[in-house]
Amino acid sequence: VSFSLTLSLSRARCGCVCLCYLPEQVPMLDMFNSVEDPSAANWTSNVSWELKIDSGPNGSAAAAAGRGEAVLNCAVSRGEQIFSSFGPKGNRTLLGCYGYCRWENPFERVAIWVSALRLLSREEEDASENMALLERFQQFAAAGEQETGEGGGDTERTMIGGLRFDVTVQEPLPERMVAAARVCCGDDENMALAYLREIVVESTLQVLGGDSVDELEDQASAWRAKRDGSTVHIEVSTAPSPGQEEVQLKSYACSPEACALCYRHSQLAVLRAVDAALAQRMDDGDGDHISHGGDSPNGEEARTQKRPKLA
């Protein structure tokens, strides 16, 4: 398949060409449905392309041209669907690169920022304690970079006031995230867990907007059941063991409205898993955690809750 693409950009956005998205926009080749497991894909692709950007007084035009080739790597029967593989990706990447989201995406992740800056005192007499907290957090972050090999080994380091942790349903409470929260809270485990839950509740409120958990669940169920093109349902055959075959029904949001709701719903699922893990660790199974029912954080009631004093 030979292809050419042209992007017209306003002058304000002429420096915002995202090169990483262009290979996914190859005509014909980007029409294959995807499976998450690369070993289950029926073909591999080899795409070569060249990008040229011409700037003008009113904006820029980016043109990409090249050639793509799809090669089957297994036998396919007549009429059998040919799948591609985009790999295990969360909905943010799927939406940005491929223009759709997956309902009940098992690879969804949420970024949780643990920041020492959040717990600093504004009182002038606490300046020395604030500096001590930042220094402890800096040492913790630097030790983590040495363990993972990140950071490049610079002799002069920028002060790190926060760390990002990507949490998933499968790994909702990374131990290093809890350790970072303990550093922020003077090594107090309970205070650290309360600090993390505060972040989760705030993130949940952002996802919910003015809806409750139940309202978002009901909206998601209604949109997922649609058969009008806003949601697409695909049967994927899998072979868990030789001689056995299972058929999974996977649902994908395709319209802008469905994608927005699907993304919120998948983010909520991860945040609820984090909250449940926090409640279990706090040995508070009957606590006020994010679940169905009237006690779920929603709307104005949750926004008027006082922020717990952690330090």
Side-chain angles (χ1 to χ4, degrees), residues 1-7 18-50 63-109 168-170 217 219-266 269:
V1 177
S2 297
F3 63 93
S4 62
L5 303 174
T6 301
L7 303 175
C18 189
L19 306 183
C20 62
Y21 290 170
L22 289 180
E24 281 83 27
Q25 308 304 320
V26 179
M28 297 298 292
L29 299 189
D30 66 354
M31 296 178 64
F32 291 95
N33 287 321
S34 170
V35 290
E36 286 76 21
D37 184 4
S39 64
N42 300 120
W43 65 282
T44 55
S45 62
N46 180 20
V47 178
S48 58
W49 56 282
E50 180 181 358
R67 182 174 180 83
E69 183 181 47
V71 180
L72 290 172
N73 52 27
C74 65
V76 178
S77 303
R78 179 183 294 273
E80 182 180 352
Q81 185 171 180
I82 299 175
F83 290 98
S84 175
S85 177
F86 300 153
K89 292 179 170 59
N91 279 336
R92 182 173 183 174
T93 302
L94 289 178
L95 182 59
C97 290
Y98 308 104
Y100 70 89
C101 293
R102 178 181 171 183
W103 293 101
E104 307 293 341
N105 190 339
F107 308 108
E108 187 61 283
R109 58 187 64 242
T168 63
V169 171
Q170 293 77 17
E217 290 284 0
Q219 294 175 45
S221 297
W223 274 92
R224 186 177 179 180
K226 290 179 178 291
R227 295 293 193 276
D228 58 0
S230 60
T231 296
V232 175
H233 307 275
I234 300 175
E235 291 186 352
V236 179
S237 299
T238 61
S241 60
Q244 296 182 345
E245 183 174 347
E246 296 179 356
V247 177
Q248 296 180 349
L249 181 65
K250 298 182 179 181
S251 301
Y252 299 88
C254 300
S255 70
E257 296 85 355
C259 285
L261 187 60
C262 181
Y263 178 75
R264 292 172 61 205
H265 186 254
S266 62

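These numbers come from a predicted model, not from an experiment. Index from 1, following the sequence.
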[X] side chain near [Y] side chain, heavy-atom distance below 4.5 Å:
| X | Y | value |
| --- | --- | --- |
| Arg224 | His265 | no |
| Thr231 | Trp103 | yes |
| His233 | Arg227 | yes |
| Ser251 | Glu104 | no |

Strictly by modelled atom types, are Asn91 and Ser266 linked by a side-chain donor-acceptor pair under 3.5 Å?
yes
Measuring from atom [atom1] of [X] to atom [atom2] of [Y], what distance do you get when rounded to the nearest 0.5 angstrom?
| X | Y | atom1 | atom2 | value |
| --- | --- | --- | --- | --- |
| Phe107 | Leu94 | CZ | CG | 10.0 Å |
| Cys262 | Tyr100 | SG | OH | 11.0 Å |
| Lys89 | Cys97 | NZ | SG | 7.5 Å |

So, Glu108 side chain and Val169 main chain: donor-acceptor pair closer than 3.5 Å or not?
no
Could you report the tightest heavy-atom contact between Cys254 and Gly229, atom names first, then the distance?
CB-O, 3.6 Å
